[in-house]
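First the structure, in the form of structure tokens, and then the observations on it.
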Amino acid sequence: MNSRTALLLFLVSVAVIWYGVIWIGQLAPIVLPPPHLVVMVIAKEWSALLYNTVVTLGTALIGYFFANLIAILLAISFLYLSWLRSLATPWVIVIKNLPIVSVASLLVITFGDSPTPRILVVILICFHPLLANLMKGFEEVDPNLLSRFQTLHATRWQRFCYVLWPNALPYYVAAHEIAFTSSIIAAVIAEFFFSRQGLGYLLIEAMNDHRGDRLWATNVIIAVLSAAAYLVSRWLESVLIPWRGEAK
Amino acid sequence: MPAVEASSVSKSFGQQQIIAPLDLTIRKGEFVSLIGSSGCGKSTLLHLCAGLQEPTSGSIKIFGRTPAAACAAHEIGLACQRPALVPSRTALQNVQLTLTIAKPKQALQPAELLRHFGLDEALNLFPHQLSGGMQQRVNIACALVHEPSLLLLDEPFGALDELTRERLADWLAGVLRVAHRTAILVTHSVEEAVTLSDRIIVLSQRPATIADIVQVNLPNLRDFDVRQSDSFLGLVKRTREALHRAAAV
């Protein structure tokens with residue numbers, strides 16, 4: 001089965017299951033609106049939904065950019081400065097295991113109604129898988145390849161460019177599949193707490209107004225964004241590591 | 001000037017002595033095999049020659065230089081059992097990479113070299129698309145393309161099946177006969193050592209010392225017929241006996 005057929009089958013299955021649950025449970029539209037009602041809300045309120053989607057996407061992308069920057073800089077620093085790695089490891093472990101929902105509320109109190117706490121939440125959620133995978137990629141370099149480069153008297157820069165970075169690249173790209181999708185979710189979570197715009201804000205507003213249809217419409221958009229983020233990371237894989245494609 | 005001159009070289013890791021002080025001289029253009037039981041220190045000795053490890057005592061000179069200086073002068077080519085190829089580069093790009101790094105004044109043409117190695121069809125294939133034998137030929141091309149004076153081979157055919165191993169040994173003998181390179185081969189195969197070498201150095205159990213030296217006086221071309229001859233089989237027997245004696249010590 002090709003991927004297009006699978007996608008079509010998935011969309012049809014979702015609609016069938018959705019209608020099926022409503023029919024079996026005899027659920028009122030306020031409890032579970034039918035798919036066509038959700039589509040109508042998206043069509044009717046597309047302008048507000050689009051604006052808030054752009055806001056959430058902006059937060060996610062800015063946070064994701066900085067998460068990447070921090071992860072790459074830390075991974076390279078840890079590679080060459082073992083003392084820095086020892087120093088930073090407890091920090092990284094603590095940050096990774098932070099209860100991010102409660103930390104998000106603390107950040108909102110500290111930084112107030114600004115994009116900063118929302119971007120920080122995205123960074124905190126996304127940077128660890130990127131860092132962990134990059135370090136794994138650097139550590140799992142073929143020692144024979146490094147020996148070959150040593151006998152060729154390669155510089156540290158050459159070793160990084162030709163051996164370490166290409167080896168870490170598949171690991172880094174694999175991390176995007178998790179982290180990039182998480183960046184959307186992280187931005188929405190951050191908007192839950194204190195925000196006057198964004199998809200997270202729309203969710204809270206829809207819940208307060210008992211607007212199940214808008215709640216579902218917003219969730220559908222979040223799901224589509226996350227799926228798109230996943231597809232972008234898969235596309236990146238084919239662009240950045242084309243030799244993997246050759247293997248298939 | 002000898003190609004390799006090791007004087008009272010020893011190597012220890014912590015309290016464990018891997019190589020007892022030994023002297024070894026290899027002439028320019030000579031093909032020497034190091035043979036011994038597993039873990040006796042053959043690869044360590046090769047790594048000392050490559051400058052990958054420092055001796056605990058004694059010194060090694062490669063064409064009168066320290067191994068590190070020889071590496072800086074691009075006089076050393078190294079090929080290990082597991083081909084050291086960059087997965088993201090094709091066979092041709094992998095060979096070219098050696099030249100990008102070494103920037104030698106004189107070098108072989110990578111594409112020509114790979115064609116000469118029978119890899120015409122494989123120039124633009126990635127390492128994972130090549131068979132084990134083809135990967136190893138690319139690996140050896142990477143080690144040879146910058147025309148190093150000393151070729152170090154650490155069980156290059158160790159992971160291959162018997163037939164491929166035999167074919168590649170024949171092929172390597174032909175390549176080195178043309179290239180006139182000094183080479184040190186670490187191997188577990190007595191037949192391979194006799195096929196390729198001018199001299200076989202049998203190392204004792206750890207800590208390694210030179211237990212025996214087998215001089216291989218056979219014609220340069222050691223084809224299938226030579227390998228069936230009494231003199232060849234006699235040398236195999238003699239080396240195997242030396243190996244058993246060394247392992248028993």
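Proteins get letters first, then strands, A, B, ... in listed order; numbering begins at 1 in each. None of these values were measured; they are calculated from a predicted model.
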Legend entry - Criterion side chain to side chain contact (heavy atoms under 4.5 Å, CB included) against A:Ile184, the qualifying member of A:Val224, A:Thr59, A:Leu225, A:Leu199: A:Leu225
Legend entry - Contact class of A:Gln150 relative to chain B, heavy atoms under 4.5 angstrom: both
Inset, instruction - Against chain A, label B:Pro83 side chain, backbone, both or neither, depending on which of its atoms sit under 4.5 Å from a heavy atom there. - result: backbone
Legend entry - chain B contacts, top residue of A:Asn167, A:Val141, A:Leu152, A:Val163 (heavy-atom pairs, under 4.5 Å): A:Leu152
Legend entry - Candidate list A:Leu130, A:Leu134, A:Leu131, test side chain to side chain contact (heavy atoms under 4.5 Å, CB included), partner A:Asn68, passing option: A:Leu130
Legend entry - Carboxylate-amine/guanidinium contact B:Arg115 B:Glu112, below 4.0 Å: yes
Legend entry - Top of B:Ala50, B:Cys142, B:Ala102 for chain A proximity - count of heavy-atom pairs under 4.5 angstrom: B:Cys142
Legend entry - Part of B:His47 lying under 4.5 Å from any heavy atom of chain A: neither
Legend entry - Heavy-atom pair count under 4.5 Å with chain A, highest-scoring of B:Ile76, B:Leu125, B:Val86, B:Thr100: B:Val86
Inset, instruction - Answer with side chain, backbone, both or neither: which region of B:Thr90 has an atom nearer than 4.5 Å to a non-hydrogen atom of chain A? - result: neither
Inset, instruction - Could you tell me whether the side chain of B:Asn139 and the main chain of B:Ala84 form a donor-acceptor pair under 3.5 Å? - result: yes
Inset, instruction - Describe, in one word, how the ring planes of A:Trp165 and A:Phe138 are oriented to each other, choosing from parallel (under 30°), tilted (30 to 60°) and perpendicular (over 60°). - result: tilted
Inset, instruction - Identify which of B:His146, B:Arg82, B:Arg89 forms the greatest number of heavy-atom pairs closer than 4.5 Å to chain A. - result: B:Arg82
Inset, instruction - Heavy atoms only, distances under 4.5 angstrom: which of B:Pro87, B:Pro127, B:Ala70 has the most pairs with chain A? Name it, please. - result: B:Pro87
Legend entry - N-O pairing of B:Glu155 and B:Lys42 below 4.0 Å: no
Legend entry - Ring-ring centroid check B:Phe157 B:His188, cutoff 6.0 Å: no
